[in-house]
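Remember, predicted model here, so these are calculated numbers, not experimental data.
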Amino acid sequence: MMIEVITFKIPDDMTHEKLLENYKETTAKWRGIEELIRKNDIYDEKERLGGSVYHWKNIEAADYWHGEEWKEFVRELYGNDPVVQRFTVPIVADNELCKTIEF
């Protein structure tokens, strides 16, 4: 399993409401992707940063779904390039399942 943390600067003229609207409009696209375990949208009002945390089954899926077309979409929507960080996940403490999962 891997996690991607993606951030982007929120334009000065974009309201919190507009950002949430953007998040809601794009959610449906991500719901049907089998390789995506979970996606959390994030927002830091003070730093004017938005983004998402993606929990992927594998790096190939992340590469496929976050290619040049997706990066261009982010550029058009927010006016800047997304910053992508990737992390391998060796172990998870899952409180909902009441267990520890090792990969």
Student: Would you list the pairs meeting ring pair (Phe, Tyr, Trp, His ring centres under 6.0 Å) in which at least one residue belongs to residues 80-103, sequence neighbours left out?
Tutor: none

Student: Closest heavy-atom contact between Ile42 and Tyr23?
Tutor: O-OH, 2.5 Å

Student: Should Val74 and Leu20 be regarded as members of a common hydrophobic cluster, given that ILVMFWY residues are connected when their side-chain heavy atoms come within less than 4.5 Å of each other, either directly or indirectly?
Tutor: yes

Student: With Tyr54, which of Arg38, Lys39, Met2 fulfils side-chain contact (heavy atoms from CB on, under 4.5 Å)?
Tutor: Lys39

Student: Within a strict 4.5 Å, meaning less than it, do heavy atoms of the Ile33 and Trp65 side chains meet?
Tutor: yes

Student: Identify whether Leu36 and Val89 are in the same connected component of the hydrophobic contact network (ILVMFWY, side-chain heavy atoms under 4.5 Å).
Tutor: no

Student: Measure centre to centre between the rings of His55 and Trp30, then say whether the value is under 6.0 Å.
Tutor: no

Student: Just how far is it from atom CD of Gln85 to atom CD1 of Ile3, taken to the nearest 0.5 Å?
Tutor: 12.0 Å

Student: Test of understanding: clusters of I, L, V, M, F, W, Y form through side-chain heavy atoms closer than 4.5 Å, transitively. Do Ile37 and Ile101 belong to the same one?
Tutor: yes

Student: Do Met1 and Val92 have side chains that approach each other closer than 4.5 Å (heavy atoms only, starting at C-beta)?
Tutor: yes

Student: For residues 91-103, pull every pair meeting salt bridge (charged side-chain N to carboxylate O under 4.0 Å, His left out), keeping only residues two or more places apart or in separate chains.
Tutor: none

Student: Minimum heavy-atom separation for Tyr78 to Pro11, with atom names?
Tutor: O-CG, 3.2 Å

Student: Can you hop from Val53 to Phe8 via hydrophobic side chains spaced under 4.5 Å?
Tutor: no

Student: Any pair with a residue in residues 5-15 that passes side-chain hydrogen bond (donor to acceptor under 3.5 Å, both in side chains), sequence neighbours left out, goes on the list, sorted by first then second residue, please.
Tutor: none

Student: For His16, enumerate each residue passing the ring-ring contact (aromatic ring centres under 6.0 Å, His included) test, keeping only those at least two apart in sequence or located in another chain.
Tutor: Tyr43

Student: What residue pairs, at least two apart or across chains, pass salt bridge (charged side-chain N to carboxylate O under 4.0 Å, His left out) with a residue in residues 21-37?
Tutor: Lys18-Glu21

Student: In the structure I gave you, are the side-chain heavy atoms of Lys71 and Asp81 within less than 4.5 Å of one another anywhere?
Tutor: no

Student: Could you name each residue pair satisfying salt bridge (charged side-chain N to carboxylate O under 4.0 Å, His left out) that touches residues 50-65, not counting sequence neighbours?
Tutor: Asp63-Arg86

Student: As an exercise, state the distance from CG of Leu19 to CG of Asp41, rounded to the nearest 0.5 Å.
Tutor: 8.0 Å

Student: Is any side-chain heavy atom of Phe73 closer than 4.5 Å to one of Thr26?
Tutor: yes

Student: Describe, in one word, how the ring planes of Trp56 and His66 are oriented to each other, choosing from parallel (under 30°), tilted (30 to 60°) and perpendicular (over 60°).
Tutor: perpendicular

